[in-house]
Amino acid sequence: MQTEHLTGIKKQFEYYESLVDKTIDQLSEEELLWKYNEESNSIAVIVKHLYGNLLSRFTDFLTSDGEKTWRDRDEEFEDRVMSKQELLNKWNEAWQCVFDTIDSLTEDDLDKIIYIRNMGHTVMEALIRSVAHVASHAGQIVFIGKMIKKDQWHSLSIPKGNSKMYNAEKFSKEKHREHFTDEFREKKE
């Protein structure tokens with residue numbers, strides 16, 4: 001049985017996954033390769049990096065170091081043309097690994113020590129570290145998507161100019177307990 005902590009962590013991961021999904025949906029293959037300058041990363045490169053990171057961290061999560069010997073982190077940052085479908089296949093494979101691992105964890109696992117590059121973390125610390133890492137790159141991906149699409153961008157949250165209406169709707173309801181992503185998930189399904 002999942003604890004409230006693991007459920008919350010999973011929902012956070014799902015939220016950031018969906019921000020990237022909704023960004024990728026708005027972009028062509030060519031746009032996924034766009035870079036601001038030569039020192040910048042394209043969305044495709046960031047997704048490829050997250051794929052490598054997540055697979056490495058969540059494969060054999062409780063039993064082996066999170067930095068796997070088979071991971072080639074430097075290659076993740078090399079520009080390599082791949083189709084949008086190839087990129088999505090990698091992206092989905094990584095998330096399947098993440099969610100399968102989280103679903104297998106129990107409350108008893110949260111205080112266990114696991115290692116990332118020989119540095120010990122509790123399972124909870126490692127999960128929080130990973131959520132933060134994904135969140136930072138998801139933000140980059142959304143920002144790059146907005147730069148590319150300009151006025152054709154479809155907002156992923158509260159569109160500009162709609163905050164008062166959104167807040168009025170929220171404050172018209174009784175106080176209650178829910179995860180902020182629950183509303184988002186309802187719209188997705």
Side-chain angles (χ1 to χ4, degrees), residues 1-25 32 41-142 144 156 177-182 184-185 188-189:
M1 182 175 129
Q2 289 225 317
T3 69
E4 191 173 320
H5 297 296
L6 289 169
T7 300
I9 292 281
K10 185 175 180 181
K11 286 180 180 185
Q12 288 288 159
F13 274 126
E14 289 171 338
Y15 175 69
Y16 295 119
E17 174 199 23
S18 68
L19 289 178
V20 174
D21 287 344
K22 289 179 178 185
T23 299
I24 290 172
D25 284 348
L32 291 170
N41 292 314
S42 67
I43 288 174
V45 164
I46 298 169
V47 168
K48 200 168 65 160
H49 165 62
L50 284 171
Y51 161 78
N53 177 272
L54 292 172
L55 269 187
S56 183
R57 296 295 184 263
F58 285 89
T59 298
D60 302 324
F61 184 76
L62 293 174
T63 57
S64 68
D65 195 283
E67 186 65 18
K68 305 296 186 281
T69 56
W70 45 258
R71 181 181 181 202
D72 186 353
R73 186 180 181 280
D74 292 332
E75 189 280 329
E76 294 166 13
F77 291 96
E78 292 176 12
D79 284 320
R80 185 175 73 73
V81 177
M82 66 175 70
S83 72
K84 187 173 183 176
Q85 191 56 57
E86 281 180 285
L87 192 67
L88 287 171
N89 289 346
K90 288 183 176 298
W91 182 243
N92 292 330
E93 179 186 352
W95 284 110
Q96 187 66 53
C97 182
V98 170
F99 295 135
D100 286 349
T101 297
I102 291 172
D103 289 344
S104 74
L105 297 173
T106 67
E107 187 170 350
D108 291 339
D109 293 323
L110 297 179
D111 290 326
K112 289 181 179 175
I113 301 298
I114 64 168
Y115 294 88
I116 301 171
R117 295 185 182 106
N118 279 342
M119 291 182 286
H121 299 65
T122 64
V123 165
M124 184 56 85
E125 289 169 338
L127 291 170
I128 291 168
R129 175 180 172 169
S130 189
V131 165
H133 181 242
V134 169
S136 69
H137 286 307
Q140 291 173 327
I141 289 168
V142 170
I144 294 168
L156 307 182
R177 173 97 168 98
E178 75 177 305
H179 196 274
F180 82 96
T181 63
D182 290 345
F184 169 79
R185 288 168 48 94
K188 183 179 174 185
E189 297 173 340

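Since this is a predicted model, take the numbers as computed values, not measurements.
- Distance alone, capped at 3.5 Å, is enough to place a donor-acceptor pair between the Asn92 side chain and the Leu88 backbone.
- The main-chain N or O of Gly66 is found under 3.5 Å from a side-chain atom of Ser56 such that the two form a donor-acceptor pair.
- Residues Leu19 and Leu156 share a closest heavy-atom pair of O-CD1, 3.6 Å.
- Between Leu87 and Lys48, the shortest heavy-atom distance links the atoms CD1-N, 4.4 Å.
- Minimum interatomic distance between Arg117 and Asp65 (heavy atoms only, all atoms of both residues): N-OD1, 2.7 Å.
- For Asp60 (side chain) and Thr63 (main-chain N/O), no donor-acceptor pair under 3.5 Å exists by modelled atom type.
- A salt bridge links Arg57 to Glu67: at least one charged side-chain nitrogen sits closer than 4.0 Å to a carboxylate oxygen.
- Minimum heavy-atom separation, Phe13 to Leu127: CZ-O, 4.1 Å.
- Looking only at atom types and distance, the side chain of Glu93 has no donor-acceptor partner in the side chain of Asn89 under 3.5 Å away.
- Taking a cutoff of 4.0 Å between a charged side-chain nitrogen and a carboxylate oxygen, Asp103 and Lys10 qualify as a salt bridge.
- Nearest heavy atoms, His121 versus Met119: ND1-O, 2.8 Å.
- Contact between Ser104 and Asp109 at its shortest, heavy atoms only, is O-OD2, 4.1 Å.
- At least one donor-acceptor pair under 3.5 Å links the side chain of Thr101 to the backbone N or O of Phe58.
- Under a 4.0 Å N-O distance rule, the pair Lys22/Glu17 does not qualify as a salt bridge.
- With hydrogens and angles disregarded, no donor-acceptor distance shorter than 3.5 Å links the side chain of Ser18 to the backbone of Asp21.
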